[in-house]
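Scroll down for the structure; my scribbles are underneath it.
Note that the structure is a prediction, hence the values are computed from the model and not measured. Below, chains carry the letters A, B, ... as their sequence lines are ordered, and counting in each starts from 1.
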There are 2 protein chains.
Amino acid sequence: MAKSRNEVGASTYQRIKRDIIFGDLAPGSKLKLDGLRERYQASMSTLRETLNRLASEGFVDALDQRGFFVTPVSREDLIEIANLRVLLECHALRLSVASGDTDWEGNLVAAHHKLHLMEQKMLAGDDSKKEDWKRYDWEFHLALIEACGSKNLLSLHSVLYDKYLRYQMLVLTYRGEEAVKEHRKVFEAALARDIDTAAETLKTHIDKGLEHTLAAF
Amino acid sequence: MAKSRNEVGASTYQRIKRDIIFGDLAPGSKLKLDGLRERYQASMSTLRETLNRLASEGFVDALDQRGFFVTPVSREDLIEIANLRVLLECHALRLSVASGDTDWEGNLVAAHHKLHLMEQKMLAGDDSKKEDWKRYDWEFHLALIEACGSKNLLSLHSVLYDKYLRYQMLVLTYRGEEAVKEHRKVFEAALARDIDTAAETLKTHIDKGLEHTLAAF
DNA sequence: AACACAATAATATCTGATGTTTTTGAATCA
DNA sequence: TGATTCAAAAACATCAGATATTATTGTGTT
């Protein structure tokens, strides 16, 4: 009766995390263990392991003897997250552009191309594929910094990206044309190995995103 | 029979983390659940929750269907950790020095004083209180950046500090006189609100520590 | 409206059971 | 000897259920 192969644990983790990021589990809401048991078809043990992991990443708050809550959102937190993303992602981008090889370039071209296609659809009004867009945006930003040479840095960045993404998903509005241009500019500067322009444009990209998200918050 | 109040969970977490940082649980070693059950007097449920948390922080590796291992150490990882610490801690220091108030100053003076006393003992040959020294060093570095205004930044830094500390504990040797001087220089620059000097000295402090640790690795 | 207090619900922990996967160790074969 | 195979043993991931403790809720009283 007991499924193994870490199926339950891994999938529960991913689904809960996804539901938090996409707002299906509202910020601040209580995560009752019995409720989660039904919703995710997992046992209490597995759920508590998952929630502990998410708590340590900062997506869930664990209050002593009062259980688990989806981490609340706030303007200050959003600002902190965006600033940290600028700090880490720009730093990683500089390292990556400085030492990326041919494979890195190829992967980056592919990622930007796919993102660009998706952005055209979004601009044309197809708002249905938020989840796909998220994936392409993520893959592009990852491709930019992937050659930074620091697994630890990539891992920290990944968590920050997801936290930032939750705020973007909360406000629901797409920034559009402007963001597309910024993506292209970072992309071209990175390919041209123009480190300063790439890093500055990336900073602008994140800062503008922050403004946009803050305005709608 | 079942203790509650989150006593078991919290204490188990702290003890295992401490044992990893201080090398009582060797890098790469297997964390057998039955063994841990005896050693830490906790049930499998609690242990798995704890290990998941530590895995997500990077102190433990969770291998699918093969259990938990103390995260291995490597030169590359040490270098990455040190570089990230420089990036985050110097950034935080700049923010903190720029906006620290009187309480911040007072706390910093106290932290440096206590650290200095402990350093004198260490220099005099009393090598027995590594754990105390660790606490005072931590409190000093925390006091420096505590006014940075970003909880997220402080939280990321705390994990990095502990990871870096494990490497320091592994090589067992104290850098001595030189580190004491660097501490004092950062301290004085911070109090004088000389942001650039403070940040540069802190960078030197961490870089020198890295060299020292790498040499003995 | 504020308070006390019992009833209810939820949590943290532990034990023990089950099916799977990994590891071990011995026997076999090249 | 060294490599291979395969069954036994060990360890893991998951689940269900029990207990003690703590939080929440609702009701009645002042």
Side-chain angles (χ1 to χ4, degrees), chain A residues 1-20 24-72 155, chain B residues 1-20 24-72 155:
Chain A
M1 194 60 74
K3 273 194 202 174
S4 216
R5 243 178 55 214
N6 215 4
E7 271 173 1
V8 184
S11 121
T12 305
Y13 168 78
Q14 282 176 329
R15 282 190 298 152
I16 296 184
K17 185 168 171 178
R18 188 216 149 277
D19 286 349
I20 290 176
D24 295 342
L25 292 169
S29 64
K30 173 111 216 262
L31 294 168
K32 282 206 197 97
L33 289 167
D34 274 327
L36 298 184
R37 253 187 78 255
E38 283 188 23
R39 178 163 180 170
Y40 297 100
Q41 304 286 339
S43 72
M44 220 191 72
S45 327
T46 303
L47 280 169
R48 287 188 57 92
E49 288 179 27
T50 299
L51 293 175
N52 269 285
R53 225 164 121 194
L54 289 169
S56 140
E57 285 177 46
F59 295 100
V60 160
D61 280 358
L63 276 72
D64 202 84
Q65 203 65 25
R66 279 195 283 166
F68 300 91
F69 298 78
V70 178
T71 301
S155 152
Chain B
M1 194 60 72
K3 274 195 203 173
S4 216
R5 242 177 55 214
N6 215 3
E7 272 172 2
V8 185
S11 122
T12 304
Y13 168 78
Q14 282 176 330
R15 282 190 300 153
I16 295 185
K17 185 167 171 180
R18 188 216 149 278
D19 286 349
I20 291 176
D24 295 343
L25 293 168
S29 64
K30 173 111 217 263
L31 294 168
K32 283 207 197 94
L33 288 167
D34 273 327
L36 298 184
R37 253 188 77 257
E38 283 187 24
R39 178 163 179 169
Y40 297 100
Q41 304 285 341
S43 73
M44 221 190 69
S45 330
T46 304
L47 280 169
R48 288 187 58 92
E49 287 178 26
T50 299
L51 292 174
N52 269 286
R53 227 164 118 193
L54 288 168
S56 141
E57 286 178 44
F59 294 100
V60 161
D61 279 359
L63 276 73
D64 202 82
Q65 203 64 24
R66 280 194 283 166
F68 300 92
F69 298 78
V70 178
T71 301
S155 151

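The interatomic distance linking B:Tyr13 (OH) with C:dA12 (C1') rounds to 18 Å, in whole Å. Spacing between atom CD of B:Glu38 and atom C1' of C:dC14 amounts to 16 Å, rounded to whole angstrom units. When the C1' atom of D:dC12 is taken as reference, atom CZ of B:Arg66 falls 12 Å away, rounded to whole Å. Note: CG (A:Leu63) to P (C:dA12) measures 10 Å, nearest angstrom. When rounded to the nearest whole Å, the span between CG of B:Asp64 and C1' of D:dC12 equals 10 Å. The CZ atom of B:Arg37 sits 12 Å away from the P atom of D:dC12 (whole-angstrom rounding). To the nearest angstrom, P of C:dT13 lies 12 Å from CG of A:Leu33. Residue B:Leu51 contributes atom CG, which lies 10 Å from atom P of D:dA13 at whole-angstrom precision.
For A:Asp34, the side-chain hydrogen bond (donor to acceptor under 3.5 Å, both in side chains) criterion is met by no residue, not counting sequence neighbours. Residues satisfying the side-chain hydrogen bond (donor to acceptor under 3.5 Å, both in side chains) test with A:Ser45, not counting sequence neighbours, are none. Contacts of B:Arg66 classified as side-chain hydrogen bond (donor to acceptor under 3.5 Å, both in side chains), with partners at least two apart in sequence or in another chain: none. Remark: A:Arg15 pairs with no residue by the salt bridge (charged side-chain N to carboxylate O under 4.0 Å, His left out) rule, at least two apart or across chains. Qualifying side-chain contact (heavy atoms from CB on, under 4.5 Å) partners for B:Lys32, counting only residues two or more places apart in sequence or in other chains: B:Lys30.
Listed pair B:Lys30 / C:dT22 fails the phosphate criterion, with no side-chain N or O lying under 4.0 Å from OP1 or OP2. Within the 4.0 Å cut-off from OP1 or OP2 of C:dC14, at least one side-chain nitrogen or oxygen of B:Thr46 is found.
For the helix from C:dA1-D:dT30 to C:dA30-D:dT1, the rotation axes defined at the first and last 5 base pairs enclose an angle of 20°, given to the nearest 10°.
Comparing B:Lys32 and B:Met44 by the nucleotide of DNA chain D whose heavy atom lies nearest to each, the residue mapping closer to the 5' end is B:Lys32.
Using a 3.5 Å distance cut-off with no hydrogens or angles, the side chains of B:Tyr13 and A:Asn52 do not pair a donor with an acceptor.
Checked for salt-bridge contact, A:Glu57 and A:Lys17 meet the test: a charged N lies under 4.0 Å from a carboxylate O.
Distance from the side chain of B:Gln65 is smallest to D:dC12 among D:dC12, D:dT14, C:dA12.
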